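Only a predicted model underlies this, so the values are computations on that prediction, with no experimental measurement involved. Counting from 1, the numbers follow the sequence of the chain as shown. The analysis underlying the following values was restricted to heavy atoms, covering all of them including side chains, and did not include hydrogens, waters or symmetry mates. For ligands, and for the atoms within them, numbers begin at 1 and follow the listed sequence.
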Amino acid sequence: MMAMMKNSDFRILIIDDNVAIHEDYRKTLALKDLADKNLLELESELFGDSRPEVQTENFNIDCALQGREGIDMAIRAKNEGRPYAVAFVDGRMPPGLDGIETIRELWQACPDIQVVLCTAYSDYSWRDVQKMLGESDSLVILKKPFDTVEVVQLAHALTRKWALDQEIQGRLHKLAFYDGLTGLPNRTLFLDRLEMVLQMGKRHGQAGALLFLDVDHFKRINDTLGHKVGDHLLKLLSQRMTACLRATDTVARLHCQDVIARMGGDEFSVILPCLEQPDEATTVALRLAEQLTQPIDVDGNQVSLTTSIGITYFPEDGNDVETLLKNADLAMFNAKHKGPNAVMFYQESMNIAVMKRLTMENHLRQAIMRNEFSLHYQPQISLSTGQLIGFEALLRWNSPELGAVPPLDFIPLAEENGMIVTIGEWVLRTACAQARSWIEQGLPLQRMAVNVSLRQFLHNEFTQIVSQVLVESSLAPEQLELEITESMIMSDPPGVIRTLHELKDQGVQIAIDDFGTGYSSLGRLRDLPIDCLKIDRSFVKGISMGMRHEPILNAVMIMAAGMGLRVIAEGVETQEQVDFLRTCQCPEAQGYLFSRPLNDADATSFLQENRQF
Ligand code: C2E
Ligand code: MG
Ligand code: MG
């Protein structure tokens, strides 16, 4: 870029109180056309001047008679985006500022400008100047009277130095404030702009919005198509977003500069300053989502994506950078959970929900150590004999701080943060030990069912843990039934099927829990190594309620029998339901009608009573 610059690209400012000297500079540096040049050659022939013969300088020269005037000109030039590269400043310019004072102010306004201080020998020494102006590599002292060659050389050298400085600064600025991949502003610049927008908003009473946008499951793209494709995709997405922002600007907002930035990874952020109507932000968000979900061709791969967008408004939701970032992030997080392709606004209640979650998470971390978990056991009854066959172990958490927390509240949380792996292992160990103990007491228990979550099931040590627990408790593998849900099979078929086969090889029984609520068909389950279907409570509930569930249940029983699967009907609460289940040959049932889940002692009594239903 440097090599392309001509002298005429550089502006030089002369500050000197002597008009005649202005002319000298002009003649030396600002030769504009051939006429000038001829005149000069004539001049030198006539007067035998020492001027170099061939002068092709063509600098852009402006002159000021006083320091103040020069400083004003420099500021104006900078604001117009046409800054001066070099200033030649006279040492003495009565009655106004002297050279040193002028340079000091000049640098305050334009720190990049290169300066030549022109002084008579007696005026200042280099030491004096350094003392007064501080050390600088942007200053040269030229002693009067000077040779024009010196002026030309300095003009050349200093304009090039200035250009190089500008270029380096530009590159450093780009490196520091822009994202190398997409060329969008980075987080640092974004935060700076947000701060500026908020300040302006406060001053002029303007409202605005902050958008957080995250591409859903972007990791999958990287994992399946590779990082190169992933990077290219991010580039294309940022181009789409930039174009979309321009296109969605309403006339009223044309003068406001929206800022879009890459915050890192697949996360982008947009500032929409000076919003007239809050729904303008929604419009922008929806258009962005719409644009980004259009199928996109990346290096020959057709990719379809969805996004999650969170929106927060200022000043309503907050008026400082930190609060707004937190709000937008929370809204985006909620959008992710609601997704795909959801747009969510920040709401105060999100904070409360997060606080609750954090509190629960903190207590949950200590729950195992503090012995706050227990298991309850719900009887499973054979409908042909009317007697107990097994128990399902159900986890209970009694927290001193939060009270009894239902499993459906804390298990999803434990699944998300991974604690379920440890908790689940505790459940398995405890349930198997308890089962063994009852069996050893000669009580009529044939099977213990334990619920397993996806995270636990896919953990690479799961099957090892199961076999280890079986050895420790000396429970026979076929006495343990693991319950997995239908949706688990759908979410990661290869992983789940691999584990299923490993467990099957050990001889452990597998039940599909909540059957009928997922999307799988019996046909899909046919090839899986499973033993039992647990018909979801919602189907049982529909019996004799005119919901036409009976034919479905009938068909499921027939097909399951054909496939050699056992069936347990869950959530049986009425005798009517039992009667119907018996007529369609349902082998087993479980529900409040027989018993609620029982603690250790009550479960022991239940076994001892050996009631017949
Ligand atoms: P699930 O495995 O389907 O367990 C059956 C749930 O239905 C239990 O709720 C049980 O108390 C309830 N239930 C049983 N009979 C009836 C009935 O007749 N009527 C009604 N209305 N409800 C009945 P619970 O104990 O609240 O457990 C809820 C869910 O939490 C379980 O559903 C299971 O998915 C999960 N869960 C419980 N313990 C564990 C565990 O140790 N590990 C894992 N991963 N999940 C567990
Ligand atoms: Mg279950
Ligand atoms: Mg169930």
*Return yes if some donor-acceptor pair links the side-chain N/O of Arg262 with the main-chain N/O of Leu181 below 3.5 Å, else return no.*
no

_Looking at every non-hydrogen atom in both residues, tell me the closest pair between Leu388 and Pro444 and how far apart they are._
CD2-O, 3.5 Å

_With rounding to the nearest 0.5 angstrom, report the NE2 to OG distance, His363 to Ser399._
5.5 Å

*Minimum heavy-atom separation for Gly424 to Gln456, with atom names?*
CA-NE2, 3.1 Å

_Between ligand 1 and Gln456, is the shortest N or O to N or O distance under 3.5 Å?_
no

*Could you check Leu184 against Phe190 for side-chain contact (heavy atoms from CB on, under 4.5 Å), going step by step and ending with a plain yes or no?*
CA-CA 10 Å; Leu184 292 178; Phe190 184 81; over 6 Å; no

Side-chain atoms of residues 335-344: list all donor-acceptor pairs with protein atoms under 3.5 Å, sequence neighbours left out, distances to 0.1 Å.
residue	atom	partner	partner atom	Å
Lys336	NZ	Asp214	OD1	2.8
Lys336	NZ	Asp216	OD1	2.7
Asn341	OD1	Thr307	N	3.0

*asked:* As an exercise, identify every atom of ligand 1 less than 4.0 angstrom from a heavy atom of Gly571.
replied: 16 (C), 17 (C), 18 (O)

*Give the atom name of whichever N/O/S atom in Asp513 sits closest to the Mg ion (ligand 2).*
OD2

_Can you confirm whether Phe580 sits close enough to Leu553 that some side-chain heavy atom of one is under 4.5 Å from a side-chain heavy atom of the other?_
yes

*Is a salt bridge present between Glu401 and Arg370, judged by a nitrogen-to-oxygen distance below 4.0 Å?*
yes

*Evaluate the side-chain proximity of Leu292 to Met241: yes if any heavy-atom separation is below 4.5 Å, no if none is.*
yes

*asked:* Using a 4.0 Å cutoff against the non-hydrogen atoms of Gly591, which atoms of ligand 1 qualify?
replied: 15 (N), 18 (O)

*Taking non-hydrogen atoms only, is Leu375 closer than 4.0 angstrom to ligand 1 via side chain, backbone, both or neither?*
neither

*In terms of atom number and element, which parts of ligand 1 are under 4.0 angstrom from non-hydrogen atoms of Pro597?*
11 (O)

*atom 36 (N) of ligand 1: which of Ile411, Asp409, Leu395 has the nearest heavy atom?*
Ile411

*Considering only N, O or S atoms of Glu392, the one closest to the Mg ion (ligand 2)*: OE2

*Close side-chain approach of Arg396 and Pro407, heavy atoms under 4.5 Å*: yes

*Just wondering, is there an N, O or S atom on Asp514 that's nearer than 2.8 Å to the Mg ion (ligand 2)?*
no

*Could you check Arg566, Glu483, Glu478 and say which one makes a side chain to side chain donor-acceptor pair (under 3.5 Å) with Gln509?*
Arg566

*asked:* Enumerate the salt bridge (Lys or Arg N to Asp or Glu O under 4.0 Å) contacts for residues 306-325, please, sequence neighbours excluded, ordered by first and then second residue.
replied: none

*What atoms in ligand 1 come closer than 4.0 Å to a heavy atom of Val427?*
41 (O)

*Which atoms of ligand 1 have any heavy atom of Val572 under 4.0 Å away?*
18 (O)

*Return a yes/no value for Gln590: is any of its N or O atoms, backbone included, closer than 3.5 angstrom to an N or O of ligand 1?*
no

*asked:* Please list, in number order, the atoms of ligand 1 under 4.0 Å from a heavy atom of Glu570.
replied: 3 (O), 5 (C)

*Non-hydrogen atom of Arg396 closer than 4.0 Å to ligand 1*: yes

*asked:* Please name the atom of Glu483, limited to N, O or S, that comes nearest to the Mg ion (ligand 2).
replied: OE1

*asked:* Any non-hydrogen side-chain atom of Gln468 less than 4.5 Å from a side-chain atom of Arg429?
replied: yes

*Could you tell me whether some N/O pair between Asn451 and ligand 1 is separated by less than 3.5 angstrom?*
yes

*Mind checking whether Glu392 contacts ligand 1 via backbone (N, CA, C, O), side chain (CB onward), both or neither, at a 4.0 Å heavy-atom cut-off?*
side chain

*Contact between Gly424 and ligand 1, counting heavy atoms under 4.0 Å?*
no

_Yes or no: does Arg596 have any heavy atom under 4.0 Å from an atom of ligand 1?_
no

*Short list, please: which atoms of ligand 1 are under 4.0 Å from a heavy atom of Asp514?*
3 (O)

*asked:* Under a 4.0 angstrom heavy-atom cut-off, which atoms of ligand 1 come close to Gln378?
replied: 14 (C), 15 (N)

